[in-house]
Amino acid sequence: MDVSKELDMSGVGEMFNEPTANKLTVGIVAFFLIFLGINTADLVKNNEKVRTIIDGDSTWTVSFEEQIIALSDTVIIADGATETIGFVIESSLLAEGYRVGGITIQITYGETSGIPADPIDSVFASIDQNDLMVVWDDENNTKTGSSNDGSDINLYLRAYEGYDGEDKNMTGFNEIQVLEPWLMEGTGFGTLNLELSVETNALPFTTDNEEEITINVNIITFKPAAIN
Ligand SMILES: [Ca+2]
Ligand SMILES: [Ca+2]
């Protein structure tokens with residue numbers, strides 16, 4: 001046993017005494033040092049990654065792909081009358097993976113009496129607050145409007161809390177977590193009830209009993225995507 005050990009040792013010693021072997025050894029050592037260095041750098045980087053994941057400070061950009069669903073109706077409303085026009089908003093209208101972000105309503109009209117120089121009528125519009133699943137108290141909402149010169153009346157309801165179509169910078173552990181606030185189901189569903197009334201304006205000795213009003217409802221739907 002002792003003899004073989006001595007033999008081994010001398011063998012190693014001889015190898016180091018050889019100039020070529022020395023160079024080779026130096027080369028191997030250098031290689032290992034570099035290899036170790038790369039690995040250490042990798043480890044530090046990985047640790048940073050792990051730390052950001054644990055801290056949850058990984059930043060993401062959530063962007064939204066939009067699809068507009070257009071509904072429309074044309075009604076004739078008598079002078080002095082108020083009518084409620086309903087639009088049913090349900091999941092069957094939406095594409096897979098999309099949610100309702102907001103609803104815009106545009107009300108347009110002119111003078112349809114055919115009487116020359118008949119002045120434009122007045123139209124009043126308001127959205128009835130019911131169980132339609134929107135953010136009823138959102139500060140961006142416009143729930144009422146009127147016109148007495150034929151200009152459009154534009155109303156808006158935010159359906160999804162915080163949704164404005166703009167990219168959002170989010171912080172989170174992963175894609176699932178940052179998308180989670182944008183995956184709420186059922187927003188915007190229900191019946192949008194629009195109350196419209198007309199007060200005609202007529203020239204003396206002429207009669208204007210009614211007005212035709214067109215309502216264009218755009219349901220803004222979105223699908224979120226997260227980019228790290
Ligand atoms: Ca008129
Ligand atoms: Ca009219």
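One-based numbering, in listed order, for ligands and for the atoms of each.
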Please state whether the rings of Y163 and F64 are parallel, tilted or perpendicular, taking 30° and 60° as the class boundaries. perpendicular
When you measure from the side chain of R99 to the backbone of M184, do you find a donor-acceptor pair of N or O atoms at a distance under 3.5 Å? yes
Donor-acceptor check, side chain of Y160 to backbone of L183, threshold 3.5 angstrom: yes or no? yes
Could you pull out the atom name of the N/O/S atom in E210 that is nearest the Ca ion (ligand 2)? O
Checked the Ca ion (ligand 1): protein N, O or S atoms closer than 3.0 Å come out as E111 OE1, D118 OD1, P119 O, D121 OD1, N201 O, D208 OD2
Under 3.5 Å donor-acceptor, N141 side chain and W136 backbone: yes
A226 and E175 have their tightest heavy-atom pair at CB-CG, 3.8 Å
Locate the shortest heavy-atom distance separating S122 from N148; write the atom from each residue and the value. OG-CB, 3.3 Å
